[in-house]
Amino acid sequence: MPVRGKIRMGKRVRVREILSASGAGVEAVVKGWARTVRVGKDVTFIALNDGSCMASLQVVAGPELSNYAEVARLGTGSAVAVTGLLVESPAAGQRFELQARSVEVVGPADEGYPMQKKRHSFEYLRTVAHLRPRTNTFGALFRVRSMLAQAVHRFFAEKGFLYVHTPIITGNDCEGAGELFRVTTLDMARPPLVNGAVDYAADFFGQATGLTVSGQLEGELFALAFGDIYTFGPTFRAENSNTARHAAEFWMIEPEMAFADLMADAALAEEFFRYLCRFVLDHCREDMAFFNEQIDRGLIPRIEAVAASPFAMMEYTEAITHLKKAKVSFEFPVDWGLDLQSEHERYLTELVVGGPVFIINYPKDIKAFYMRQNDDGRTVAAMDLLVPKVGEIIGGSQREERLDLLEGRMAEMGIDPAGLWWYTDSRRWGSCPHAGFGLGFERLIMYLTGMENIRDVIPFPRTPRHAEF
RNA sequence: UCCCCAGUAGCUCAGUCGGUAGAGCGGGUGACUGUUAAUCACCAUGUCCGUGGUUCGAGUCCGCGCUGGGGAGCCA
């Protein structure tokens, strides 16, 4: 897209835009942050990055500038505004460069700037999470994250799904999906008591409340009105999980379809996942090339393969058979009725299948109360999508739409139906088969970028003992 | 929460058998150069995580604590 004609004085042009210019000769104003400054006697080069793309724009500043001494002292991290002429670069390494007519130092950065023009460890960069978006890796990461978020909405919009905002504050603490963060306005030092226990009736909502661990139950209610819906929002788990795959605050995508069974659910999950793979390959080429080169060699071929080929599907019972005859020794036991451990999931997806695989129809005793009971009386219509390197990335199920069976499971599992009267009501009037799944957005990003720690795919990660920034 | 590993300069790390600390990068100064994380020379920089102990003497050995990382569980 030609830049010529679009540029006005005082209006800045993004580096991404100017680097895609069809030719030299345009006058432009570019504003950004200096990545490196190479100073010579007669010429200074500034690699200017504004976050719009991986590449920096080479700014060439000469001694004719009135403030050349100031420019030559610029440190990494400085904010500058450059007005100049875009010219063909005489040297190798870039097609265009900006011959500066003026360089305004908008915000200088001294030697205390915590990031240098060299490689830093991800651990160190987490301690400067307020500045790490200015690095190559995190620039690429958050551009991809933004694109993927929009791809999620695009996928569901194209399929006619309704986007529903389920509540962040919830009174359900009986979903069993994880520990709840308490939401309260009570005085923690002197809470009102009744019979020695905290009296939540005196709290803001008149009941105990917490941050949502899932929008699924409310999502089901909307599916039973709009047919196909999805949620995409923040989710909170107060588990003391200290792993590279868990955060206390993360984003989850949860579609739900009415008049759909487990097979339709898996079909949607597969189409969705492959769509997202295709999307980053097509729309984030430069950033994906960076991840492929710097973070995870083999990333792009792997995603290409996933985008191109259908997923395998395997019964839980069949998975157990594979695991039992496996030549490798597992740390945890394998037996019908036991849940699959990470090591088992990795074995199935990496060695048995060699690609993404759905495991379906799990024993009912290791799954949630709302999953639909199969006719065999011992399994439920659950599915997990396992992918190489990551393990479980999607978990879903067909929901129990039969009121008597749902209430029976709740009773068996000790779940008080009183707080879920609205949920069981949905099975009382106009109930129908329906199914859905949950995809952790950060885990998706990890899979698609090769980044190995969830703390490095979310802007300001919240994990046990960490809520800074 | 459990198991393992680590914490030394601004960053990445070395530090032998217990004898008061080094390199590279970064920074400063200078030189040089249409440079590409430029190059070359010189210079400066330390609560060796904290705390208690063993010892004539501890970065080094031992106890406790804190912090970080990896693995596991829980899960997305």
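In what follows, chains carry the letters A, B, and so on, assigned in the order in which the sequence lines appear, proteins first and then strands, with residues in each chain numbered from 1. Keep in mind that this is a model prediction, so the values were computed, not measured.
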Q) Considering only C74(B), C75(B), G69(B), which nucleotide approaches the side chain of Thr243(A) most closely? A) C74(B)
Q) When the nearest nucleotide of RNA chain B is assigned to Thr36(A) and to Phe441(A) on a heavy-atom basis, which residue is associated with the more 5' position? A) Thr36(A)
Q) Rounded to whole angstrom units, what separation is found between the CG atom of Leu338(A) and the P atom of C74(B)? A) 11 Å
Q: Applying salt bridge (Lys or Arg N to Asp or Glu O under 4.0 Å), name anything that partners Lys324(A), two or more places apart in sequence or on another chain.
A: Asp335(A)
Q.
Under a 3.5 Å cut-off for both contacts, is U35(B) paired Watson-Crick or G-U wobble with anything, and if yes, with which nucleotide?
A. none
Q.
Using the side-chain hydrogen bond (donor to acceptor under 3.5 Å, both in side chains) criterion, which residues pair with Thr76(A)? Sequence neighbours excluded.
A. none
**Q.** Footprint string (nucleotides 25-35 of chain B, 5' to 3'): B base within contact, S backbone only, - free, heavy atoms under 4.0 Å
**A.** BSS----SBBB
Q.
Side-chain N or O of Arg245(A) versus OP1/OP2 of C74(B): is the shortest distance under 4.0 Å?
A. no
Q) Which part of the nucleic acid, if any, lies within reach of Tyr124(A) when heavy atoms closer than 4.0 Å are counted: base, sugar-phosphate only, or nothing? A) sugar-phosphate
Q: Return the value, rounded to whole Å, for the distance between atom CZ of Phe236(A) and atom C1' of C75(B).
A: 16 Å
Q | Integer-rounded Å distance: A72(B) P and Glu239(A) CD | A | 17 Å
**Q.** U29(B) versus C17(B) - spacing of their C1' atoms, nearest Å
**A.** 42 Å
Q.
If I pick the P atom on C4(B) and the same atom on A44(B), what distance separates them, to the nearest angstrom?
A. 44 Å
Q. How would you list all residue pairs meeting side chain to side chain donor-acceptor pair (under 3.5 Å) that involve residues 284-297 of chain A, not counting sequence neighbours?
A. Arg143(A)-Asp287(A), Asp296(A)-Arg302(A), Asp296(A)-Lys389(A)
Q.
Counting only heavy atoms not in Arg14(A) (residues, nucleotides, ligands), do more than 12 fall under 6.0 Å from its CZ?
A. no
**Q.** Any residue meeting salt bridge (Lys or Arg N to Asp or Glu O under 4.0 Å) with Glu104(A), in chain and number order, not counting sequence neighbours
**A.** none
Q: Output all residues satisfying salt bridge (Lys or Arg N to Asp or Glu O under 4.0 Å) with Arg126(A), sequence neighbours left out; order by chain, then residue number.
A: Asp456(A)
**Q.** Atom-pair distance (CD on Gln341(A); C1' on A72(B)), nearest Å
**A.** 9 Å
Q) Quick one: side-chain hydrogen bond (donor to acceptor under 3.5 Å, both in side chains) partners of Thr235(A), sequence neighbours excluded? A) none
Q.
Test of understanding: with side-chain hydrogen bond (donor to acceptor under 3.5 Å, both in side chains), list the residues that count as partners of Ser102(A), not counting sequence neighbours.
A. none
(Q) Does the plane of the ring in Tyr230(A) sit parallel, tilted or perpendicular to the ring in Tyr163(A)? Use 30° and 60° as the thresholds. (A) parallel
Q. Rounded to the Å, how far apart are Glu392(A) CD and G73(B) P?
A. 12 Å
Q) Using purine N1 to pyrimidine N3 plus N6-O4 or O6-N4 for Watson-Crick, or N1-O2 and O6-N3 for G-U wobble, both under 3.5 Å, which nucleotide pairs with U67(B)? A) A6(B)
(Q) Could you check whether the side chain of His120(A) and the base of C11(B) have a donor-acceptor pair of N or O atoms closer than 3.5 Å, going by distance alone? (A) no
Q.
Ring-plane angle category for Phe460(A) and Phe469(A), please: parallel below 30°, perpendicular beyond 60°, tilted otherwise.
A. tilted
Q) What's the closest nucleotide to the Arg237(A) side chain, out of U1(B), C74(B), C75(B)? A) C75(B)
Q: For nucleotides A21(B) and U47(B), find the distance between their P atoms and express it as a whole number of Å.
A: 14 Å
Q. Using atom P of each nucleotide, how far apart are G19(B) and C13(B) to the nearest Å?
A. 24 Å
Q: Between C2(B) and A37(B), how far apart are the C1' atoms? Round to whole Å, please.
A: 42 Å
Q: Please list, chain by chain and in numerical order, all residues satisfying side-chain hydrogen bond (donor to acceptor under 3.5 Å, both in side chains) with Asp261(A), sequence neighbours excluded.
A: none
Q) Starting at CE of Met115(A) and ending at P of U12(B), how long is that distance when rounded to a whole Å? A) 13 Å
(Q) Within residues 449-459 of chain A, which residues have any heavy atom lying less than 4.0 Å from an atom of RNA chain B? (A) Asn453(A), Ile454(A), Arg455(A)
Q. Is there any side chain to side chain donor-acceptor pair (under 3.5 Å) pair reaching into residues 269-281 of chain A, and which pairs are they, with sequence neighbours excluded?
A. Arg154(A)-Tyr275(A), Lys159(A)-Glu271(A), Glu270(A)-Arg274(A), Arg278(A)-Asp282(A), Arg278(A)-Glu304(A)
Q) Below 3.5 Å, does any donor atom in the side chain of Ser241(A) face an acceptor in the base of C75(B), or the other way round? A) no
Q.
Between A9(B) and U45(B), how far apart are the two P atoms, rounded to whole Å?
A. 15 Å
Q | Who pairs with U1(B) - Watson-Crick or G-U, where each distance is under 3.5 Å | A | A72(B)
**Q.** Whole-Å distance separating the NE2 atom of His246(A) from the P atom of G73(B)
**A.** 9 Å
(Q) On RNA chain B, compare the nucleotides closest to Glu442(A) and Arg465(A); which residue's is nearer the 5' end? (A) Arg465(A)
Q | Gap between atoms CZ and C1', on Arg126(A) and U67(B) respectively (whole Å) | A | 14 Å
Q: Between protein and nucleotides 44-49 of chain B, map the contacts as a letter string: B base, S sugar-phosphate only, - none, heavy atoms under 4.0 Å, written 5' to 3'.
A: ------
(Q) Between the side chains of Glu70(A) and Arg73(A), is the shortest nitrogen-to-carboxylate-oxygen separation below 4.0 Å, so that they form an ion pair? (A) no
Q: Check the angle between the aromatic planes of Tyr316(A) and Trp336(A) and answer parallel, tilted or perpendicular using the 30° and 60° thresholds.
A: perpendicular
Q: Determine the Euclidean distance between corresponding C1' atoms of C48(B) and U1(B); express it in Å to zero decimal places.
A: 32 Å
Q) If we take the P atom in both U20(B) and U60(B), what is their distance in whole Å? A) 13 Å
Q.
Once you apply a heavy-atom cut-off of 4.0 Å, does Ala247(A) come out as touching a base, just sugar-phosphate, or nothing?
A. base
